[in-house]
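Worksheet: one structure, shown below.
Remember, it's a predicted structure, so these values are computed and weren't measured experimentally.
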Amino acid sequence: MNIRKRAGLYLIRKKGRAALLFCLLFLMSISILTGFSLKESTERELDRLRLSMASGFIMKADMDNELYKEVITYEKGPSSTVYAGPMVTDEMIEKVLSLDGVEDYSVIDETHMVWINLTLRPGMYADMEPDPNPDLNEFIPITEEELELDRHSTNVYACRNGNRHKNFRTGALAITEGRNLETEDHFKAVISDWLAEKNRLAVGDTITLETKEGNYDAVKKPLKRLGEPVAVEIAGLFHVNFSQPSSDMTFEQCYIENIIYVDEDTYFKLQDNLKEYARYQDIEEFYDKYTEVEFLVKDPAQIDSIMQQIRDHDDIDLENIELETDSSAYEASAGPYRGIRIFSMALLALGLCGMGVILYLLIHLWMQGRRHEVGIYRSVGMKKGEILGQMLIECFAVSFVSLALAFLLAGPAAAGCADAAKRLAAPKEKQETYIVKVDQYFLPQIKKTSSDEVLLDGSVSVRAMGFAVLFVCGISGASVLVSFSKIDSVEPKNLLQQM
């Protein structure tokens, strides 16, 4: 009788032992396949997030440094303090862009306050009444003109490349009609779909932006126009993908629906209007200077090294300029995937280490129980290789059957784990993915606080199957070899005496 038949007869005769070995090998195989598949899926999604969110770092002036503050006095009302220190220049931007790994930049909060004859989302000034005795007000009287100014005033944001702007890149805003702003645009704008619907506007329509003196100083004629109106064509409409709560204490300009994004030509044209105003005569000096610039990198893992290169760069003057990472949006989205990856690694560790150790101990125990059987085989003249071959065939036969079943069930198991992981990692129902915080300059800042819906396909790759075959067969075969070696050197007479 050849060794294959003997191996088959042994498995039939020892059904309980074969079933236990099959269950253990099946659990090992399904754990490896599921864990490996989840790990691959999460890593694919993390790579996608790294590329789509293009996290980077921010170079900005330290606006709170008292050494660079200047006091501005107004015609009427309290004085204010402004920053008058070093800023980020075009020359600095070009030097940073020349570094490996830096692929683009976006100027942050380069804004101009405008008056526009549109109905804005109502804020603090909507229901406010004018001051009944404006002449008795020591500071800034709330007149009908002041309310007319504030109810129709909002910020325009200069935007080189709309798709690269952080608010669009992170998914807080999304273009629903038309297109986003591009670097070649001249006198184009992107507004919210809410603002368009409220004012019956569409892509291709023209809106007019005006600079009013009251937006920049407390004056008797707040609606006095500075410079020339700027007409812009609506290139696209954006939708706000979250809900910003209404408040009686929120200025109209602080609602995201009221923001207008414009190309740089439009922004500089509006800035030119300020030349008519005495304290902005030298406005052109600031055309190539920025308080805050975001640099986008190919891989967030490179951020720290790139920032260190900038600090060590002899030609980049960082006097009162700070560098800080800007990966909050990426981290918020990547967090759930990292948690799922940890789970998948634990599942892999269970299959590779836990089940592997148990399998070795079980096979070793069974091999020790077959010492008498090995003694009989040796006494009738069977070679050691034939005995070992039979035991390997027995083990591999059970391994292949368990692997075949695991291949059939791994797909549904991985999909089930992926669905469970999605539910566990999904944002809370009442938790907004984005929140808006208003800074000291009354500019709304959108922050991403939680992840989007988790995307996992749960498919089982050929690579995962190949790894499972190699490991399961390898660990079972190695267990047989190690255990057999411990009884191989014992004389047949002694083996026969061990019952």
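Put simply, CG on Asp248 and CG on Asp127 are 7.0 Å apart, with the number rounded to the nearest 0.5 Å. Distance check: Ile260 CD1 to Cys159 SG gives 13.5 Å after rounding to the nearest 0.5 Å. In this structure, CG in Asn258 is found 7.0 Å from OG in Ser192, a value given to the nearest 0.5 Å. The OH atom of Tyr157 sits 6.0 Å away from the OG1 atom of Thr111 when rounded to the nearest 0.5 Å. Considering CD1 of Ile234 and CD of Glu177, their distance stands at 10.5 Å, rounded to 0.5 Å. Distance check, rounded to the nearest 0.5 Å: CG of Leu223 to CG of Leu149 gives 5.5 Å.
By the 4.5 Å heavy-atom criterion applied to side chains, Phe57 and Val297 are counted as neighbours. Between Glu322 and Met59, every side-chain heavy-atom pair lies at or beyond the 4.5 Å cut-off. Residues Met113 and Gln253 meet the side-chain proximity criterion, which asks for heavy atoms closer than 4.5 Å. Annotation: side chain of Met128 is in contact with side chain of Leu147 (closest heavy-atom distance under 4.5 Å). Under the 4.5 Å side-chain criterion, counting only non-hydrogen atoms from C-beta, Leu195 is not in contact with Leu201. Using a 4.5 Å heavy-atom cutoff, the side chains of Pro122 and Tyr255 are not in contact. In this structure the side chain of Phe242 reaches within 4.5 angstrom of the side chain of Val436, judged on heavy atoms. Counting heavy atoms from C-beta outward, Leu323 and Ile310 have side chains that approach closer than 4.5 Å.
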- Task: Go through the steps to decide whether Glu40 and Arg463 satisfy the test salt bridge (Lys or Arg N to Asp or Glu O under 4.0 Å), and finish with yes or no.
- Result: CA-CA 10 Å; Glu40 286 186 324; Arg463 181 183 173 196; 3.7 Å; yes

- Message: Test side chain to side chain contact (heavy atoms under 4.5 Å, CB included) on Val190 and Ile175; report intermediate values, then the result.
- Response: CA-CA 9 Å; Val190 170; Ile175 296 295; 3.9 Å; yes

- Message: For Ile32 and Met28: C-alpha separation, side-chain torsions, deciding distance, then whether side chain to side chain contact (heavy atoms under 4.5 Å, CB included) applies.
- Response: CA-CA 6 Å; Ile32 292 172; Met28 175 188 288; 3.8 Å; yes

- Message: For a side chain to side chain contact (heavy atoms under 4.5 Å, CB included) check, start with the C-alpha distance between Phe295 and Ile93, then their side-chain angles and the critical distance, and finish with the verdict.
- Response: CA-CA 9 Å; Phe295 290 94; Ile93 291 173; 4.0 Å; yes

- Passes side chain to side chain contact (heavy atoms under 4.5 Å, CB included), Asn155 versus Ile259? Steps please. CA-CA 6 Å; Asn155 282 310; Ile259 289 177; 5.6 Å; no

- Item | side-chain hydrogen bond (donor to acceptor under 3.5 Å, both in side chains) assessment of Asp90 paired with Tyr290 | CA-CA 8 Å; Asp90 284 339; Tyr290 319 97; 2.8 Å; yes

- Message: Please determine whether side-chain hydrogen bond (donor to acceptor under 3.5 Å, both in side chains) holds for the pair Asn161 and Thr183, giving the CA-CA distance in whole Å, both sets of side-chain angles, and the decisive distance to 0.1 Å.
- Response: CA-CA 5 Å; Asn161 183 336; Thr183 53; 6.0 Å; no

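Shown here are the salt bridge (charged side-chain N to carboxylate O under 4.0 Å, His left out) partners of Glu94, two or more places apart in sequence or in another chain: there are none. Every residue two or more places apart in sequence or in another chain that forms a side-chain contact (heavy atoms from CB on, under 4.5 Å) with Asn65 is listed here: Asp62, Leu67, Tyr68, Asn320. Lys95 meets the salt bridge (charged side-chain N to carboxylate O under 4.0 Å, His left out) test with Glu91; sequence neighbours excluded. Remark: Glu252 pairs with no residue by the salt bridge (charged side-chain N to carboxylate O under 4.0 Å, His left out) rule, at least two apart or across chains. In this view, Phe471 satisfies the ring pair (Phe, Tyr, Trp, His ring centres under 6.0 Å) rule with no residue, not counting sequence neighbours. In terms of the side-chain hydrogen bond (donor to acceptor under 3.5 Å, both in side chains) criterion, Asp304 has no residue partners (sequence neighbours excluded). Residues passing the side-chain contact (heavy atoms from CB on, under 4.5 Å) test with Ser106 are His165, Glu294, sequence neighbours excluded. Taking Phe36 as the reference, Phe467 meet the ring pair (Phe, Tyr, Trp, His ring centres under 6.0 Å) condition, with sequence neighbours excluded. Legend: residues meeting side-chain contact (heavy atoms from CB on, under 4.5 Å) with Met465, ordered by chain and number and at least two apart, are Leu33, Phe407, Val460. Applying the salt bridge (charged side-chain N to carboxylate O under 4.0 Å, His left out) test to Asp104 and every residue at least two apart in sequence or in another chain returns Arg160, Arg164.
The backbone N or O of Glu182 sits less than 3.5 Å from a side-chain atom of Asp185, completing a donor-acceptor pair. No donor-acceptor distance shorter than 3.5 angstrom exists from the side chain of Thr266 to the backbone of Val262, with no hydrogens or angles considered. A distance-only check finds a donor-acceptor pair linking the side chain of His313 to the backbone of Asp315 [under 3.5 Å]. Within the 3.5 Å criterion, the main-chain N or O of Ile435 finds no donor-acceptor partner in the side chain of Gln244. Of the possible donor and acceptor atoms, none in the side chain of His152 sits under 3.5 Å from a partner among the backbone N and O of Asp150. Proximity of a side-chain donor or acceptor of Asn199 to a complementary backbone N or O of Leu118 within less than 3.5 Å is not detected.
Taking a cutoff of 4.0 Å between a charged side-chain nitrogen and a carboxylate oxygen, Glu324 and Lys60 qualify as a salt bridge. Salt bridge status for Glu257 with Arg121: present, with a side-chain N to carboxylate O gap under 4.0 Å.
Scanning both residues, Ala413 and Thr34, for their nearest heavy atoms gives CB-OG1, 3.9 Å. Across every non-hydrogen atom of Ser29 and Val472, the tightest pair is OG-CG2, 3.5 Å. The two residues Ala126 and Arg151 have their closest heavy-atom pair at O-NH2, 3.4 Å. Nearest heavy atoms, Leu97 versus Tyr105: CD1-CD2, 3.8 Å. Closest approach of Ala61 and Pro86 over heavy atoms only: CB-O, 3.4 Å. Shortest non-hydrogen contact noted between Ile30 and Ala406 is CD1-O, 3.7 Å.
Ring-plane geometry between Phe168 and Phe238 is classed as perpendicular, the angle between the planes exceeding 60 degrees on a 0 to 90 degree scale with a lower cut at 30.
Annotation: salt bridge (charged side-chain N to carboxylate O under 4.0 Å, His left out) contacts involving residues 188-203, sequence neighbours excluded, comprise Lys188-Glu233. Residues in residues 203-212 take part in these side-chain hydrogen bond (donor to acceptor under 3.5 Å, both in side chains) pairs, two or more places apart or across chains: His112-Thr211, Glu210-Lys212, Thr211-Asn273.
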